[in-house]
Protein chains: 2
Amino acid sequence: MVSVATMRDVASEAGVSTATISRYLNGKTNHMSSATAKRVTEAIKKLNYVPNESARQLITKQSRLVAVVAADVDDYFSTEIFKGVNSVLKKNNFIAVLMDSDSDEQRELGTLSSLNQQMFGGVIIQPLSNDLKAFKKVIPQNIPVVMLDRQVENSPWPSVVTNNYTISKKAAQYFKDQGLNHVFVITNNVKNVSTREERLSGIKAVFHENVQIIEPGDNEDSFNVAYEKLKRSVAATHGGLIFALKERWLLKFLPKLIRDGVIRKSDGVHMTGFSDTSLTDNIDPGIKVINQDPYQIGVSAAQILIEGVESATQPIAKKIEIPAQF
Amino acid sequence: MVSVATMRDVASEAGVSTATISRYLNGKTNHMSSATAKRVTEAIKKLNYVPNESARQLITKQSRLVAVVAADVDDYFSTEIFKGVNSVLKKNNFIAVLMDSDSDEQRELGTLSSLNQQMFGGVIIQPLSNDLKAFKKVIPQNIPVVMLDRQVENSPWPSVVTNNYTISKKAAQYFKDQGLNHVFVITNNVKNVSTREERLSGIKAVFHENVQIIEPGDNEDSFNVAYEKLKRSVAATHGGLIFALKERWLLKFLPKLIRDGVIRKSDGVHMTGFSDTSLTDNIDPGIKVINQDPYQIGVSAAQILIEGVESATQPIAKKIEIPAQF
DNA sequence: CTGTTAGCGCTTTCAA
DNA sequence: TTGAAAGCGCTAACAG
């Protein structure tokens, strides 16, 4: 492999000491004769010099690498968050990288503990687990941390989330005002996941006891069971609102509900839900859904993180809500 | 911030030298009395010691961090590749991280040059640009590189791609055998992107001159223009095959074509294309599409990369094709 | 089987 | 405005 120029090489090329190169590199160029500055610039270019991050980190104990640990990188929501984070970090001269918990709490902990090697200057986590104790064990202690999307109970870290309760309530109210008085909520098991709990609360605040929960499960069979159950329930209540707490269910149920004639234009059955992409609109143009703003969530988290890195303190554990659109 | 135990602390805690700790950590434990090994184990646990990667990298010039630079992290295809890469790297004790070129050739180059700091032990790139010279400038020279999905002409790096030509031809032949004798190919500009060129060639090998290209463009207006054009053309040729070179177009065109009655069951109009997710199947159950295997592409790329890292040589520039399903 | 020692490439006082 | 020199935490000869 090719050998690389070091700071010493640059120093001798420019006829100065390494200290001068270092100062130059760190922008301490105000107390520096423009003649030497120029010679250094040229030497760097000539030798194609790139500073060695490891050496720098070793002494400064700082890193400009920031890890974003996503619940599942296959999720558009997660990757949009990353894009938001990336946009602000890049401006501030940090490098953002995305890591994957793969929807698996064990892997999440594994991923997080791999960060414990002082290579990263900060971590942004979209948590999967709700186990505060486990998190405290594996999350690096010496770098700033920000949580996203979901909240860990009693967490000491700041978090940025969608206004799940408010926006769910708003959407529910909209359809109630249309005359629908029953709602079928499609969701996975809601236990322990702050996001789903808040959404459900918002819906219940409008429809009270007229809320029925449908859990499609993870395989095709249980989906079919859930689908049939939904169809029967909709028929039994002479219509109502079908509310998917996750885009995945919207995409899975909506086309079938349309094909089967369960949902028709100007009818007593409507569907809505949390939708991150425009795919639902392709399927059913004009459908009214909740659009979160993952990009902005990422932006906001990154800003908090940067404050933490620059001040070398853990950001305080405030909670920030990013409004969704309906 | 919390101060962290160093190797020295562990050494004095265990009553041995740092060299012993180092050997222990690097698995050179075969020439080591089990008594000291045990003392070291305990000291490490007691002090909660985690090795400092920067110091290690500084001297070994090796890193177990591998960057996967995706064309667009919003793409399911890119993230599945990452999952494949991650699965094999993790087993081999590497840490894989995902970075984003954001579908922008300039940013791609920016992202790549940020890798030039010896923090990464290898790079896997899903290239966007086809500009070999630009790549050579920014791609780290001293670590192994593997290309994915697309090929850079005359590239010195190994690449792993789908068997685009073969599978496109197979799919085309299938529909030709059904009696369709005209094909409408929906694609972005094909110039300079190896993937699209190969797919188109495969289709042309079957339909010869009966191939019409539709370019939907990037905004809603140009999409509508393209859509209307497609409808007219289909009517004019009394049917045919609509072939989307990218899943995005499948998702955008298919629901509308179904709603508008252009595609009906047992009719002279069929649609197919490259589809990575099961979303198309939700929309039109039983539709026959090409399924690539991004996960396997990632696995294969990671294996090649690891060989390169372990042998400290640049992998040779072979091309590996991963078969798709139809 | 284990310790001593000399750096890896950089930053940062302290002096000049 | 610049340089000399110490040292960050680790690895790898070389000795013993």
Side-chain angles (χ1 to χ4, degrees), chain A residues 1-41 43-44 47-65 116-119 121 142 312, chain B residues 1-41 43-44 47-65 116-121 140 142 312:
Chain A
M1 309 254 139
V2 189
S3 92
V4 185
T6 81
M7 197 152 131
R8 243 180 137 101
D9 302 329
V10 180
S12 68
E13 171 73 30
V16 296
S17 76
T18 59
T20 302
I21 310 291
S22 175
R23 289 194 195 98
Y24 174 91
L25 252 29
N26 292 290
K28 289 164 190 161
T29 180
N30 38 347
H31 294 296
M32 197 159 145
S33 89
S34 58
T36 35
K38 198 178 148 209
R39 289 221 309 287
V40 173
T41 315
I44 287 178
L47 299 182
N48 220 304
Y49 168 70
V50 181
N52 181 321
E53 263 299 305
S54 305
R56 165 189 275 242
Q57 273 175 225
L58 181 56
I59 185 158
T60 62
K61 275 130 177 40
Q62 293 193 347
S63 165
R64 304 197 78 80
L65 244 198
N116 264 310
Q117 305 182 318
Q118 296 121 92
M119 288 183 300
N142 46 344
Chain B
M1 308 259 140
V2 189
S3 93
V4 184
T6 82
M7 198 152 128
R8 241 174 131 106
D9 302 329
V10 180
S12 70
E13 171 71 30
V16 296
S17 76
T18 59
T20 303
I21 310 292
S22 175
R23 289 193 196 100
Y24 174 91
L25 253 28
N26 292 290
K28 289 164 189 160
T29 181
N30 38 345
H31 294 296
M32 199 159 143
S33 88
S34 59
T36 34
K38 199 178 147 207
R39 290 221 308 288
V40 173
T41 315
I44 288 178
L47 299 182
N48 221 302
Y49 168 70
V50 181
N52 181 322
E53 264 298 303
S54 307
R56 162 190 276 243
Q57 278 179 38
L58 182 55
I59 183 159
T60 62
K61 278 130 175 37
Q62 294 192 348
S63 164
R64 304 198 77 81
L65 245 198
N116 262 311
Q117 306 180 320
Q118 297 121 90
M119 286 183 301
F120 294 91
N142 46 345

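The model shown is predicted, which means the values in this text are computed figures rather than measured ones. Chain A is the first sequence line, chain B the second, and so forth, proteins listed ahead of strands; every chain is numbered from 1.
Across all strands shown, A/Ser22 has heavy atoms under 4.0 Å from base atoms, whether or not it also approaches the sugar-phosphate.
Of the residues in residues 47-60 of chain A, those lying under 4.0 Å from DNA chain C by heavy-atom distance are A/Tyr49, A/Pro51, A/Asn52, A/Ala55, A/Arg56, A/Leu58, A/Ile59, A/Thr60.
By the side chain to side chain contact (heavy atoms under 4.5 Å, CB included) test, B/Ile44 is found to be paired with B/Val10, B/Tyr24, B/Leu25, B/Val40, B/Tyr49, residues two or more places apart in sequence or in another chain being considered. For B/Arg56, the salt bridge (charged side-chain N to carboxylate O under 4.0 Å, His left out) test picks out B/Glu53, with sequence neighbours left out. The side chain to side chain donor-acceptor pair (under 3.5 Å) check on A/Thr36 picks up A/Ser33, with sequence neighbours excluded. The side chain to side chain contact (heavy atoms under 4.5 Å, CB included) test applied to B/Ser12 returns no partner, not counting sequence neighbours. Residues passing the side chain to side chain donor-acceptor pair (under 3.5 Å) test with B/Glu13, sequence neighbours excluded: B/Lys46. With sequence neighbours left out, A/Thr18 forms a side chain to side chain donor-acceptor pair (under 3.5 Å) with no residue at all. Scored by the side chain to side chain donor-acceptor pair (under 3.5 Å) test, B/Thr60 finds no partners at all (sequence neighbours excluded). Every residue two or more places apart in sequence or in another chain that forms a side chain to side chain contact (heavy atoms under 4.5 Å, CB included) with A/Asn52 is listed here: A/Ser54, A/Ala55, B/Leu58, B/Gln118.
Between A/Ala35 and B/Arg8, the residue anchored nearer the 5' end of DNA chain D, judged by the nucleotide with its closest heavy atom, is A/Ala35. Map B/Thr36 and B/Gln118 each onto its nearest nucleotide of DNA chain C; the residue landing nearer the 5' end is B/Thr36.
Residues B/Pro51 and B/Met7 are not in side-chain contact: their nearest non-hydrogen atoms beyond the backbone lie 4.5 Å or more apart. B/Val16 has its side chain within reach of B/Ile21: a pair of non-hydrogen atoms, C-beta onward, lies under 4.5 Å apart. Using a 4.5 Å heavy-atom cutoff, the side chains of A/Gln57 and B/Gln57 are not in contact.
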Write down the protein N/O and nucleotide N/O pairs, taken from nucleotides 3-5 of chain C, whose separation is under 3.5 Å; answer none if there are no such pairs.
unit_1 : atom_1 : unit_2  : atom_2 : d
C/dG3  : OP2    : B/Ser17 : N      : 2.9
C/dG3  : OP2    : B/Ser17 : OG     : 3.2
C/dG3  : OP2    : B/Thr20 : OG1    : 2.7
C/dG3  : N7     : B/Arg23 : NH2    : 3.3
C/dG3  : O6     : B/Arg23 : NH2    : 2.3

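Comparing the start and finish of the helix from C/dC1-D/dG16 to C/dA16-D/dT1, five pairs each, the helix axis swings through 30°, to the nearest 10 degrees.
Considering every non-hydrogen atom in both B/Val4 and A/Asn142, the closest pair reads CG2-ND2, 4.1 Å. In terms of heavy atoms, B/Ala11 sits closest to B/Ser17 at CB-C, 3.8 Å.
Protein chain A contacts DNA chain D over a range whose 5' and 3' limits, counting nucleotides with an atom under 4.0 angstrom from a non-hydrogen atom, are D/dT1 to D/dG9.
Per the geometry, CE belonging to A/Met7 stands 14 Å off P belonging to C/dC8, to the nearest Å.
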